[in-house]
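Structure, as structure tokens:
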Amino acid sequence: MSEHPQLERVAANVYEIARTGDMRVPVRVYGSEPLIEEMRLEGDLTLTQGRNVATLPGIQKFAVVLPDGHQGYGFPIGGVAAVDTEEGVISPGGIGFDINCGVRLLRTPLTYDDVVGHEQTLVERLFETIPCGLGKGGYLDTDMDDLRGILAGGLEWMREHEHATTHDIDHCEENGSLPGDPRKVPPEALTRGLNQVGSLGSGNHFLEVQRVAEVYDREIAAAFGLEQDQVVVMIHSGSRGLGHQTCTEYIRRFERSFPAIAESLPDRQLIYAPLREQVADDYKGAMYAAANYAWANRQAMTQGVREVFERTFGVTDVELVYDVCHNVAKEERHQVNGREDEVLVHRKGATRAFPAGREEVPEAYRDVGQPVFIPGSMGASSYVLCGGDRSLELTFGSTAHGAGRVMSRTQAKREYDAGELQRTLREQGVYVRARSGATLTEEAPSAYKDVDEVIRVSDALDIGTKVARTRPVANIKG
DNA sequence: ATGTCC
């Protein structure tokens with residue numbers, strides 16, 4: 001078993017792996033003692049992967065491991081790596097298989113009292129309306145022309161086809177559109193994506209009706225249009241089979257194009273393409289296209305939610321608070337080497353958390369900071385945060401994205417019973433509907449870490465500050 | 001995460 005890299009405590013909740021060997025920068029690890037302990041368990045690769053990331057050509061300042069960091073494909077999940085746009089590289093492992101997996105929050109004009117007694121109807125209608133689980137079928141019917149439009153335009157295409165409002169676009173990271181190139185998306189990925197626009201997927205993806213259970217900062221909550229007991233809807237989903245296939249094929253393509261690089265890596269999963277290479281540009285076009293697809297997917301499900309809320313409660317104003325990416329790389333301006341420069345920021349299982357004043361923050365929120373949503377596990381609290389004042393300095397403007405698992409899927413399936421789990425949650429006022437019992441047990445709340453400690457550290461570091469906590473009311477899953 | 005192995 002390989003040794004964990006040596007960690008040095010720099011300040012409260014701040015640790016560093018010093019630069020040694022072929023590392024080009026140090027690694028910053030943000031976390032409390034108990035969170036760091038989990039990264040140092042026997043056989044855990046989180047810190048080793050952090051050190052590997054620090055060897056990437058063109059990486060700037062430091063590799064970042066966030067408080068929810070855990071091991072992933074090549075890079076830690078809960079990691080940030082910013083690279084020079086000329087000397088740097090792009091690595092699919094630093095973005096993730098589920099390109100632009102992310103979370104959006106919708107606000108409704110309802111309070112919890114309006115919904116109590118209607119949970120069963122609500123959860124059934126949501127489940128019938130929004131396709132869940134593996135396989136085909138989306139809320140939106142798309143042909144190949146539609147798909148290409150979505151891949152090129154994201155939410156812009158959705159608005160042109162009356163599936164999104166201007167308000168939706170104004171309240172989405174990157175306005176729901178990056179320069180995607182449909183021609184760079186592998187044909188197999190196109191096929192898989194054709195019938196999945198407006199589908200939830202499986203695993204830890206969910207659509208959850210929640211109520212605002214606690215408000216920590218009333219002023220910022222009000223700026224986000226949120227208050228105590230309000231009913232909101234959280235959607236956690238990504239780019240489905242299309243993003244997965246795109247990632248898989250470009251990893252293969254990079255390995256074939258750069259055998260010498262593949263050979264020299266501390267971990268083959270770290271495979272990358274130098275940004276000056278054509279194939280890096282191809283991947284960027286495909287990755288942005290998959291990101292656009294993920295936004296269209298979450299938007300299509302939003303339309304389904306609106307339909308159900310109108311039918312069930314007669315309300316027509318279900319509005320997007322914001323939509324954040326968890327898995328993407330984007331060009332942004334940051335302070336590096338004592339000056340502001342453009343860098344390509346890889347965020348994998350990490351949420352952009354820009355503070356007040358950044359021009360990327362929508363006008364409506366620019367005076368308070370960017371909304372951040374961190375989902376808890378099914379049946380647990382989720383959090384609304386606000387981009388913190390120190391995020392640019394500490395994490396390239398990022399914070400955590402959620403709680404990781406403590407128990408494997410197979411172990412959770414053995415450990416729990418679907419019917420019993422459903423009854424337990426029901427006793428807590430949480431109505432859950434899943435396409436399969438296995439999904440339910442795999443995602444049992446006790447199979448996940450407590451997200452509270454992650455939030456506490458994010459808040460203490462001032463990279464993402466607490467605004468409100470929500471509790472589940474009704475949840476649909478694959 | 002994922003038509004959970006081309």
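Lettering of chains follows the sequences in order, A, B, ..., and the numbering in each one begins at 1. Everything quoted here is computed from the prediction, not taken from an experiment.
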Whole-Å gap separating C1' (B:dT4) and CD (A:Glu443): 14 Å
Protein-nucleotide distance (A:Ile251, atom CD1; B:dC5, atom P), rounded to Å: 15 Å
Interatomic distance where NE2 belongs to A:His205 and P belongs to B:dT4 [whole Å]: 16 Å
Sugar-phosphate only, base, or nothing, as touched by A:Gly201 at under 4.0 Å among non-hydrogen atoms: sugar-phosphate
Distance in angstrom units between A:Arg240 CZ and B:dT2 P, rounded: 5 Å
Whole angstrom value for the distance that separates C1' of B:dC5 from CZ of A:Phe97: 13 Å
Sugar-phosphate, base or nothing in reach of A:Gln196, heavy atoms under 4.0 Å: sugar-phosphate
Rounded interatomic separation in angstrom, taking CD from A:Glu188 and P from B:dC5: 16 Å
Given A:His163, A:Gln299, A:Arg104, the one that forms side chain to side chain donor-acceptor pair (under 3.5 Å) with A:Asp168: A:Gln299
Spacing between A:Tyr73 atom OH and B:dT4 atom P, to the nearest angstrom: 17 Å
Touch class at under 4.0 angstrom, heavy-atom based, for A:Gly241 against every strand present: sugar-phosphate
Side-chain (A:Arg433) to main-chain (A:Val123) donor-acceptor, under 3.5 angstrom: no
Side-chain N or O of A:Arg409 closer than 4.0 Å to phosphate OP1/OP2 of B:dT4: no
Distance in angstrom units between A:Asn100 CG and B:dT2 P, rounded: 13 Å
Lys/Arg-Asp/Glu bridge criterion (N-O < 4.0 Å) met for A:Arg352, A:Glu174: yes
Touch class at under 4.0 angstrom, heavy-atom based, for A:Ser202 against every strand present: sugar-phosphate
Closest-nucleotide ordering on DNA chain B, the 5'-leading residue of A:His244 and A:Leu134: A:His244
A:His205-A:Asp98 side chain donor-acceptor pair, cut-off 3.5 Å: yes
